[in-house]
Amino acid sequence: MTDNIENTSPSDAQEKIGVYVCHCGTNIAGVVDVVQVANWAAQSLKHRGVVIAREYKFMCSSPGQDLIEKDIKELGLNRVIVAACSPHLHEKTFRTACANAGLNPYLCEMVSIREQVSWVHTDKVAATEKAKAAISGGVERVRHHVPLQPIIVPINPATLIVGGGIAGIQSALEIADAGFHVYLVEREPSIGGHMAQFDKTFPTLDCSACILTPKMNSVGTHPNITLLTWSEVEKVDGYVGNFSVTVRKKARKVDEELCTGCGICQEKCPKKVIDNVFEAGLGYRKAIYTPSPQSVPNRPVIDVPNCTYYEKGTCKACDIFCAPKAIRFDQEDQILTLNVGNIILATGYELFDARRIPNYGYGRLPNVFTSLEIERLTNAAGPTNGNVVMRDGKTTPKTVGIIHCVGSRDKNYNNYCSVICCMQSLKFAHLVHERTGAQVYNFYIDIRAAFKDYDEFYQRVLDEGTMFVRGKVAEVTDVPRNENERGKLIIQVEDTLVGKQRRIPVDMVILSAGLEPRKDSKEVAKTFGISCSVNGWFIEKHPKLDPIATMTEGIFIAGCAQGPKDIPASVAQGAAAAARVLGRIEQKEMALEPVRASVIEEKCSGCRICNGLCPFNAITFHEDRMVTEINPALCQGCGTCVAACPAGAITGTGFSNDQIMAQIEGLLMMNIEPEAVTA
Amino acid sequence: MTAKPKFAMYWAASCGGCEIAVLNIHEKILDVDANFDVVFWPVAMDAKYKDVEAMEDGSILLTLFNGGIRNDENEHIAKLLRKKSKILVAFGSCANEGCIPGLANLSNSHEIVETAFNTISTDNPNKVYPMASYSMPEGEIHIPTILPVLKTLDQVVDVDYYMPGCPPESHQIEAVVDLVVKVLQGKAQLPPKGSVIGAGNSTVCDECQRARNVKTIKSFERIWGVAPDPALCLLEQGIPCNGPATRSGCNARCPTAGAQCIGCYGPAEGVVDYGARLVSAFASVIDAKEPEEIDAILDGLVDPTGQFYRFNLAGSLLRAAAPAWKAESTHEKEKA
Amino acid sequence: MTQRITVDPITRLEGHGKIEIFLNDEGEVANTYFQIPELRGFERFCVGRPVEEMPLLTNRICGVCPEAHHMAAAKAADAVYHVDPPHTAKMLRELLYSAFYFTDHTTHFYALGGPDFIIGPEAPVAERNILGVIHKVGLEIGGKVIQARKAGHTVVEMIGGRKVHPCTSIPGGLTKGITEDDRKQIEEMGRWAIDFAQFSLKLFNDIVLGNQQYVDLILGDIYTHHTYYMGTVDENNRVNFYNGKVRVVDPDGKEFVRYEPKDYAENIAEHVEPWTYLKFPYLKKIGWKGFVDGKDSGIYCATPLSRLNASDGMATPLAQEEFDRFYKTLGGKPVHQRLATHWARLIELLYAAERWVELATDPEITSPNFHTIPTEKPTEGVGIVEAPRGTLTHHYWTDERGVVTRVNLIVGTTNNYAPISMSINKAASSLIKKGTVVTEGMLNMVEMAFRAYDPCFGCATHSLPGQMPLEVTIRDAKGEPVEVLKQNC
Amino acid sequence: MTQSFEPVIIGFTCNWCSYRAADLAGTARIKYPPNVRLIRLMCSGRLDPTFVFKALANGADGVMITGCHPGECHYIEQNYKALRRFQLMRRTLQGFGIDPARIRLVWASAAEGARFASEVASFVEEVRALGPLNWGKNGSVPARAAEAAMEKEEVPA
Amino acid sequence: MSDYILYPGCSMEASARAYYDSLKAISKPLGLNLREIEDWNCCGATEYLSVSKTPAYALIARNLALASNQANETHSVVAPCSACYLNLAKADYYMREQPKLGKTVNEALAAGNLHYVPGSLDIRHLLDVIVYDIGLDSVEKKVVQPLTGLRVVPYLGCMVPRPDYDHHWSDHEFPVELDFLLKVLGADVVDYPLKTECCGGHMPQISPSTAFEMLRRLISTADERDGDVMVTICPMCQLNIDGYQGEMNQFFGTNYHMPILFFTQLMGLAFGIEPKELGFGLELVSARNVLDTLGVKAPPETPPAPPRRPRKPEGLPMPTPLTKPQIEALKKEVVK
């Protein structure tokens, strides 16, 4: 039957295609015979409109780009093929080059012969042939490209930041200070995140609270920041510049307006609950509580499952003593809808559950602690007012063992390095020694003290007389083999420096547990339409060149949500994300890839097959004319409706049937004269 | 010999419905008679192949060619008429896309013959099958050879226009006759070569009067198994109606008559593969996410390949099933 | 020296059936072969399709009588599902079918078969076509003819959904019924159809029976064969097209067998020859004795003439009168002269028109109860109707999902393949004698021999009714043509 | 099938997950057979069965369709449409006598470069075992683009 | 009725009779249907592999080959003996991982017309089967005589959990399956950190002093933690701790009396099966005390109601160990 490729294919005469094959140093040239490929393209694809084919060391370099621009101007090229790395890396670069030479950027097509050929194949002949096929496909495809104009969308200046840890706080302040509105959504009753739980921060040992609290307060009081704690994002609609976000504001059971934050209710509440969040399970809180005295906002929440009133209907102690009568037992969740232009995700991390390594005895042996427990233990505002004591609450340890890489760099748990554990362990070594004078042992695989002043801190801790044993601890046991082990925790380890097994009896063991993604990170990623690594860390747009943006326009990531990192790095990334957002806001509008679907009305039969297919509600049906229409603003260009339309009445710019069908022919070398094929 | 332009109509592997459809333009047939010198139209008159051969190339102005290319004879005539005709029209589903006989491409020609000559009522103990040439006591006699794969007209010769339908609706034929007559009188222009004439650009749903909603298919039904709502889209009621993918132009006759569209008008304008469109459309609106559920629903489509390629098989991208291709390649070898 | 005469369609390369005539040394006809060079393989590719599609697929076997295949298929599908369609559905189907018969017989008499008489066997072939008829009988009658075909097709479309290849019959009945307005229109057209049928008979009377030369031609021995005759009859042994039992009478007109459609395989078998794609059905109980007629040969005939021979009369009054007159004129039952088929066809034309009105005036015809949903497990089923060109049998086997696993088809014209071959042989032998020069006149005679059968090889293959333009090549022993005669030079 | 037979496989990837998986396989230098040639779509939901039939008809021995994991689609749920089409395509191809194993659906997230590579490798082996499809060589219409260069009726070499 | 192929191994019929008897005794109530591999041979224990690899693997694989011939609806092979289990699992694993080894081994097996497809069998330890296939819930249902008040020391030995080729255990350093099983039986389970320590294996023959030290650790710890009885899943461990306890006492001048039983024996007791059916009395260090404890102990009186308000907790709160489902959940997190 009628094959629309022929009908819509521009006649050969029109095509003036330039093919540019990149060596990428030896990255490509090392495996693919780029010279042969270029010559081949010049000859075998001549009849398909290829007028010039060049190879060059680095196409992406400015001389490389100049080559293209020059040819466009001098040879009047109207199509360009660049065979190099992945389009995700340099598509922009070469499109810009074309634009500079006055060629519509969308008439340039990239062919990946690095990521998809030279880097994954070893057989040079086969790789070279595959590169030819790829280019042939690109040529056929680009012949069907049409000049496109990017789609311009306005940017709503308001920004949503999810997660009130240090990264989120930093982003929020940067943007708010620049004079734009920020919604900061935090799941817990207060912002501050993990940093608020710490006592000191490495390597400078300045007091965590002292540097964080002011920031927390300025967030709480900032006119440009709407702080939504005890809240969670439920749904995200829309697209960059124009997101509409549904937030559930959980019932605090306290009227934030009336409450003065005096704290009497917490004092009077008879119900004591182990605080597994802020106190890391090492301390208690009440059934009505603020995580800490420094909480922002300084407004308590009622822990409904633990509150006697909700259990028995009696008590009401808090209510009775509350002067401003701010307690609202009947308060309900609120659903808010926020309209924002950009979103920053700073949802942080979770501590590795050390109980998963039973032979380290956490949860079994009382005096085995986790890093976070020690943070609280050393914290002056913590359950022991900063006294480092054993589980009994009084005894001071005389010897302490700190085990590194707990749950990290271990194929049984997490392969990755949690980055912060080394420095954190050194910090503990210092603090414990300082507070107790105890002898401290560190058991490590390597000491990773990169970054400013870190190694200096390591030296300092060494000088303090801390013992360092290089070796992965086999087990922590309370089974003595001799009298001086009795009553102690024995750390069984192979000292790899001296190459012998050691059993070191200590009073207290600190497990420097690694960092893990939030348990619900995958659901969160789904809600926001971004992707997660296998472990659950959010995936950045590019590991090196763009560790802040995501694949989804308008959604940025900061802090540990993207991967383990320490405070300075989190702050830096938070600020960077803010800068990116501010840039967007300043532009007021942004250009989007013109990859969109549209309906050819006279072809549309109004069968309504496509109507239910669009998750972005871009498809509407006009009962009057009995035709379907696609709203280009809402369309995200996935092309599902294009593929589904039984009448072939929907076309997709950028990924049209013609382009793909032609590319198939090209890839299968259907476009080469028989003799050329055999040649 | 008159000065009137010459007209020819020919059928290859077809059922003759196309000729009947032409006769069904009733009075309009006289216009044809008035405007054309009908030089070759076996159904309506006698003429001689030798005369056609004698004509000079391109001397026939308009040839309506219906029927698919089933045997070497069909192919020969197709090429001859191509030579002799200025305008060659693939007329009717068979010439356009193979039509029902195209379904034969699902099996190879041997299977076809064997099946036909071993039915329960056939008395054929010695497995006698027709042979291209057979010598009787009196001498050799011949019959044409069946090709392994039934071909559409444009798979053997260049085609100027396509007129789909099984058969093309009479009102469409009338329209085309009007057009041609106008063109002859210089009152109209011919459409660009390769275009489809005598049909719409959209699909059957465009002409179908049944009400429709956003589609979701929870199960496929058999037309005999339900009492369909006479006013509601059949597909929405689970009846596999090919209307959404089938070119408009028939006034949605079958759906209007309560029967599902079976797709005789072929794919819509610009569509490359008719069946693929239906695969995609039907699958897209299935209301299930788990592979098992999906399979359960798909089980309701007892004959997907037949459903999607009933008329279009020979004209589809894949064109025939593996067995037929095997036969074809051996055939090619024999030829070589 | 042996001569070989190839009587061929327009070209040997064209698939419309061809005739080989071999002469012996005496220059007399040694043998003739009537070959059918086409096969589309429905028996094969219908396998795997859902059985409810068979009425739609088998339609495409023949565009001249798709209604016949649609009906036979629908009835077979009913049988497969063991479902009995509602009375209304059956009536609607038969109404559609009667209207179709009317159109089809009209087409043949005026466009295909009739011209031989209306315009004359000797007339230039260029005129022997529907246009020629119109020219001859004048636009007024031509208009009538066109209107007749139109009327029939209109009814087919109203009930069958489409003019050609109807689509509404499904297992258990139809997908739609008709409204009172439809009915009125249909009845009106039906009444007109009766007039037209009577007019056609009158025309036949005046032109044919009024012309002694034609009468002699009809009664002449050339076109006479003594075979068995097959037709479908109702409980009173009167002709019925849509429903009933199949009845076969012997050359003496005595009932040979009267069987249920499902038992066809016990009664009919098909003989295979390697030189043609078409099979030769015969009466199983008697057996295949070669191309010979008479009581001992299983060869039978299924045409309008056969149907009349096989029945005791027509089910409608006017047609019954004609029936009586027919046998009176031709000297009692059965009539063996093939050319009488043309007359018989007109009698059926009248019957079809009368039946049309009968059904159109039945109060039940507009009932909305036109479909019964099948509930039984599908298995196997046979459907038989009388196609204009002979008894049409469809037989399907399906799996439990109702997907066809096996198909058998014995189509109208196939029934007559053997008799046609014999007629050709006889005509040829009696016309071509030693030393005679073959003239196109002879060829027309030969052509008429089988045109009487109104053979529709579209049904079995794809060529069209009656059209068998001839060309005779007389070759010497070396096969060199010594003389080429064309039909209308 | 003899080792000498090198299947040609057309692979469709979605822009967000599987194409990135392919990129990742590259950056991680994970080796896989060179038999697969990739086409980037925005989403597996863009996959028109026509593309698959076209590829098979024009000489591909197998087609690999890849997309984000169910529930992780960049476009929320469009990969489910791909899944449904895939299942119906398999059934349809069966009718053509084409082993459904010649088309494979693979979910690969942007992080699963290794998985992508191993899926390609195993698919290549599976198709190799099935042998050449040869559809294109069996007389299917030469691609329009090639017709200019080719004699009508000639089948592509 | 869950069906398994049983590889008993040599010890079951000799030193570990008690294990075998008790296993037979409990299979019925548990619905365990064990079909013994016909003509099985020794697994080569720990030594053979260190002597010569190929024949050692062939020796083991022979059993697997025989088993796979017997495999019909079930493909699970159960080995109660740790050494046997380890060897079978090891052979299967390395034949899978190292195709070359698989090939040579199968060549060897070919001599006996045997063949084993690596990975075709699922090799399981009895404990694994009971905890994960039968399930603790159904075990609990069978308990009629809870081991209330009996302080049991769970001891697995070193061979079963490590290296855990196919991830059968909650943790390969510190598996808790046995603990949970014994809890379900109503016993008072001692936290025994040495549960996967080596019992000394064949050391008693090679270097008694080393062996005795290893035994002392195990026994003394069990004793210090007020264990009434040690429970094991390994015939080797049972033999060492039971058989050498006397010599060990002499060697150190200690006077430990720590009976060691097979977990199946305690299950039997809990199921209310007669001690003699369970092979009680076959042990050298009498487990009389176990029976006594259970015999004399009156059913536990209902515990006193907890104080209305919990006392002010002392010291710092402490996390509770993970429960089995929690571990499972976390494991799932890790996998993916």
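Basis for what follows: all heavy atoms, side chains included, without hydrogens, waters or symmetry-related copies. Each chain gets a letter, A, B and so on, in the order the sequences are listed, and its residues count up from 1. Note that the structure is a prediction, hence the values are computed from the model and not measured.
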Under 3.5 Å, which donor-acceptor pairs link side chains of residues 637-646 of chain A to any protein atom two or more places apart or in another chain?
| from | atom 1 | to | atom 2 | distance (Å) |
| --- | --- | --- | --- | --- |
| A/Thr640 | OG1 | D/Gln78 | NE2 | 3.2 |

Contact class of D/Arg85 relative to chain A, heavy atoms under 4.5 angstrom:
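For D/Arg85, the side chain is the part near chain A, not the backbone.
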
Chain A heavy atoms under 4.5 Å from D/Asn15: which part of the residue, side chain, backbone, both or neither?
both

Quick one: salt bridge (Lys or Arg N to Asp or Glu O under 4.0 Å) partners of D/Lys81, sequence neighbours excluded?
D/Glu77

Against chain D, residues from residues 113-122 of chain A with at least one heavy atom under 4.5 Å, in numeric order, are A/Glu115, A/Gln116, A/Trp119, A/Val120, A/His121, A/Thr122

Can you tell which of A/Gln663, A/Lys130, A/His88 has the highest number of heavy-atom pairs within less than 4.5 Å of chain D?
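Max contact count across the listed options: A/His88.
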
Picking from A/Pro87, A/Gly138, A/Cys614, which has the most non-hydrogen pairs under 4.5 angstrom with chain D?
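Top option by heavy-atom pairs under 4.5 Å: A/Pro87.
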
So, is the end of the A/Arg141 side chain (NZ or CZ) under 6.0 Å from the ring centre of A/Phe655 and within 45° of the ring's axis?
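Yes, A/Arg141 sits over the ring of A/Phe655.
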
Contacting region of A/Asn27 [heavy-atom separation from chain D under 4.5 Å]:
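Side chain only.
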
Does any backbone or side-chain atom of A/Ile539 lie under 4.5 Å from a heavy atom of chain D? Answer side chain, backbone, both or neither.
side chain

Taking atom types as modelled, is there a side-chain donor on D/Thr13 or D/Ser18 under 3.5 Å from an acceptor on the other?
no

Checking A/Ser598 against A/Thr651: is there a side-chain donor and acceptor pair closer than 3.5 Å?
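Indeed, the side chains of A/Thr651 and A/Ser598 share at least one donor-acceptor pair under 3.5 Å.
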
Could you name the residues of residues 26-33 of chain D that have a heavy atom within less than 4.5 Å of a heavy atom in chain A?
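Interface residues of residues 26-33 of chain D: D/Gly26, D/Thr27, D/Arg29, D/Ile30, D/Lys31, D/Tyr32, D/Pro33.
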
